[in-house]
Amino acid sequence: YQRRVRGYDVDSFKDENSSYVVMDLTKSGNCFRINPEGKLRGKGGDYGKVTLKFFADLNEYSDSSRKLPQVGYAVQFHDHEQYASSLTTAFWMSPGLIYKADLSLTREFRLGPPAGGCNDTVLYNTHGRHEQNSCLEQCKDDAMMASCGCVLVLPPLPENNPGVKYRACTLQEWATCGLPAYIDWYSRFVDQKTEDEMCHCYPACKETFYKASLSSSILSQFYAEDHISMLPQGYGTVADVTNNLMVIDILFTTTQEVEITEVVSYGWGNFLGDVGGVLGLFLGASAFTLIELILFLVAIAWSTVKRLVTSK
């Protein structure tokens with residue numbers, strides 16, 4: 001509906017090589033991705049906030065959607081290299097309210113083999129940057145392609161798997177093959193009795209998380225009256241604003257980042273120290289004594305072999 005940054009329309013920031021708003025098709029509907037290339041940046045606090053205004057247009061909701069308890073949008077805060085298809089959680093936000101989202105950034109660094117279990121060989125897949133959820137989405141799509149030759153929704157980055165030509169299912173293909181194949185894949189995936197791993201999806205060695213603290217307030221009547229002129233054709237009352245308009249202020253409460261790094265808590269130094277301590281406790285020996293014992297045994301073995309060779 002409208003996107004403003006520091007008082008300016010986001011559209012005025014567009015150039016020939018970038019766009020700050022794109023629309024992706026997902027299995028749950030259309031998804032607006034704000035700042036998809038990660039080029040739009042701001043300072044901490046209110047000065048660097050981004051204000052987003054969305055018009056829900058409830059008249060376009062289907063009869064089944066009108067019966068749902070939630071009305072409005074599902075909002076996700078994530079890194080620009082992630083896609084909605086691989087994100088499992090979201091915040092429900094409804095029209096008639098203004099939300100304030102205070103964000104903080106956390107990065108996690110994990111160890112690769114042999115000490116850790118993260119996958120440091122794959123960086124990207126068909127659903128964005130490699131992580132467990134995006135890997136599972138590609139695994140599901142590949143299983144659907146193998147069974148039916150099509151998928152429910154095309155992955156956002158099919159070029160990252162050039163060996164497979166992804167194609168969206170028709171309604172008939174989805175009803176006759178796609179849905180049964182998906183149910184079969186899901187039942188096998190969640191079956192804890194299955195010993196073999198279906199997808200071999202391991203955690204990423206580096207992940208970025210945005211933690212959000214939300215607060216909200218209803219839109220005032222004066223604010224609604226001031227925005228009547230901005231409504232689409234066919235709308236022109238205060239009730240139309242309060243029933244359809246949603247506002248989000250997004251800002252960083254701090255520019256500091258939290259980094260969580262996985263380290264080896266028990267290495268070779270700890271092992272040698274423990275061995276030396278046990279030997280010293282029970283044998284009165286130290287690690288140096290163990291080394292001297294090994295050298296002594298090697299020397300005896302060498303002298304024995306040398307003596308046998310000389311006697312022949």
Side-chain angles (χ1 to χ4, degrees), residues 1 21-34 36 54-78 80-95 122 124-202 232 244 246:
Y1 174 62
V21 181
V22 298
M23 180 182 292
D24 293 335
L25 179 62
T26 70
K27 56 189 176 183
S28 57
N30 293 328
C31 174
F32 295 95
R33 298 185 68 230
I34 313 298
F54 295 95
F55 190 77
D57 200 355
L58 299 184
N59 289 335
E60 293 188 355
Y61 276 49
S62 64
D63 292 337
S64 59
S65 298
R66 295 173 188 270
K67 298 177 182 179
L68 296 175
Q70 71 277 0
V71 176
Y73 296 87
V75 179
Q76 300 166 318
F77 302 97
H78 57 87
H80 69 279
E81 292 184 332
Q82 294 176 300
Y83 289 81
S85 58
S86 63
L87 300 175
T88 57
T89 60
F91 295 97
W92 287 112
M93 297 187 178
S94 301
V122 181
Y124 297 93
N125 52 47
T126 58
H127 288 266
R129 191 180 62 230
H130 171 78
E131 54 188 16
Q132 280 186 300
N133 289 337
S134 62
C135 176
L136 291 174
E137 288 295 323
Q138 178 173 330
C139 175
K140 180 191 66 180
D141 288 345
D142 292 344
M144 295 285 294
M145 288 295 298
S147 300
C148 306
C150 62
V151 295
L152 176 59
V153 178
L154 291 177
L157 299 174
E159 63 274 11
N160 286 341
N161 189 15
V164 179
K165 303 297 181 182
Y166 294 97
R167 181 179 64 86
C169 295
T170 64
L171 291 178
Q172 182 177 1
E173 288 175 328
W174 176 252
T176 58
C177 181
L179 182 58
Y182 170 74
I183 294 175
D184 177 69
W185 178 88
Y186 184 78
S187 61
R188 290 187 291 112
F189 174 73
V190 299
D191 186 4
Q192 298 181 356
K193 297 179 180 180
T194 305
E195 296 182 359
D196 58 321
E197 296 185 56
M198 293 174 53
C199 299
H200 302 283
C201 291
Y202 303 100
N244 294 277
M246 181 186 73

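Everything numeric in this text was worked out from a predicted model, so none of it was measured.
Checked against ring-ring contact (aromatic ring centres under 6.0 Å, His included), Trp174 has no partners two or more places apart in sequence or in another chain. Remark: Ala74 engages Ala90, Trp92 in a side chain to side chain contact (heavy atoms under 4.5 Å, CB included) (not counting sequence neighbours).
Between Pro155 and Pro158 the shortest heavy-atom distance is O-CD, 3.2 Å. Here the shortest heavy-atom pairing between Asn133 and Thr88 reads ND2-CG2, 3.9 Å. Closest approach of Thr26 to Cys31, counting heavy atoms only: CG2-CB, 3.9 Å.
Interatomic distance, Gln76 CD to Leu87 CG, rounded to the nearest 0.5 Å: 4.5 Å. To the nearest 0.5 Å, atoms SG (Cys169) and CE (Met144) are separated by 5.0 Å. Separation of atoms OH (Tyr182) and CG (Asp141) is listed at 10.5 Å; rounding is to 0.5 Å. With values rounded to the nearest 0.5 angstrom, Met145 atom CE is found 12.0 Å from Gln138 atom CD. The CG atom of Leu154 lies 11.5 Å from the CG atom of Asp24; values are rounded to the nearest 0.5 Å. Taken to the nearest 0.5 Å, the NE2 atom of His130 stands 7.5 Å off from the CD atom of Gln132.
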Chi angles and distances behind the side chain to side chain contact (heavy atoms under 4.5 Å, CB included) call for Cys199, Trp185: CA-CA 11 Å; Cys199 299; Trp185 178 88; 4.0 Å; yes
Side chain to side chain contact (heavy atoms under 4.5 Å, CB included) between Lys140 and Tyr186, intermediate numbers included: CA-CA 8 Å; Lys140 180 191 66 180; Tyr186 184 78; over 6 Å; no
Side chain to side chain donor-acceptor pair (under 3.5 Å) between His127 and Ser85, worked out: CA-CA 7 Å; His127 288 266; Ser85 58; 2.7 Å; yes
Verdict with supporting geometry, Cys177 and Cys150, disulfide bond (SG atoms under 2.5 Å apart): CA-CA 9 Å; Cys177 181; Cys150 62; over 6 Å; no
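Residues Tyr124 and Leu157 have side chains not in contact (no heavy-atom distance under 4.5 Å, counting atoms from C-beta outward).
By the 30° and 60° cut-offs, the orientation of the rings of Tyr202 relative to His200 is tilted.
By the 6.0 Å contact criterion, CD on Gln172 is open, its count of non-hydrogen atoms from other residues, nucleotides or ligands being 12 or less. The environment of Leu171 atom CG is sparse: at most 12 non-hydrogen atoms of other residues, nucleotides or ligands sit within 6.0 angstrom.
For the 3.5 Å distance criterion, the side chains of Tyr166 and Asp142 qualify, holding a donor opposite an acceptor. Donor-acceptor pairing under 3.5 Å is recorded for the side chains of Glu131 and Gln82. No hydrogens or angles considered: a donor-acceptor pair under 3.5 Å links the side chains of Ser134 and Asn125.
A distance-only check finds no donor-acceptor pair linking the side chain of Asn244 to the backbone of Ala56 [under 3.5 Å].
Remark: Cys135 SG to Cys201 SG, distance under 2.5 Å.
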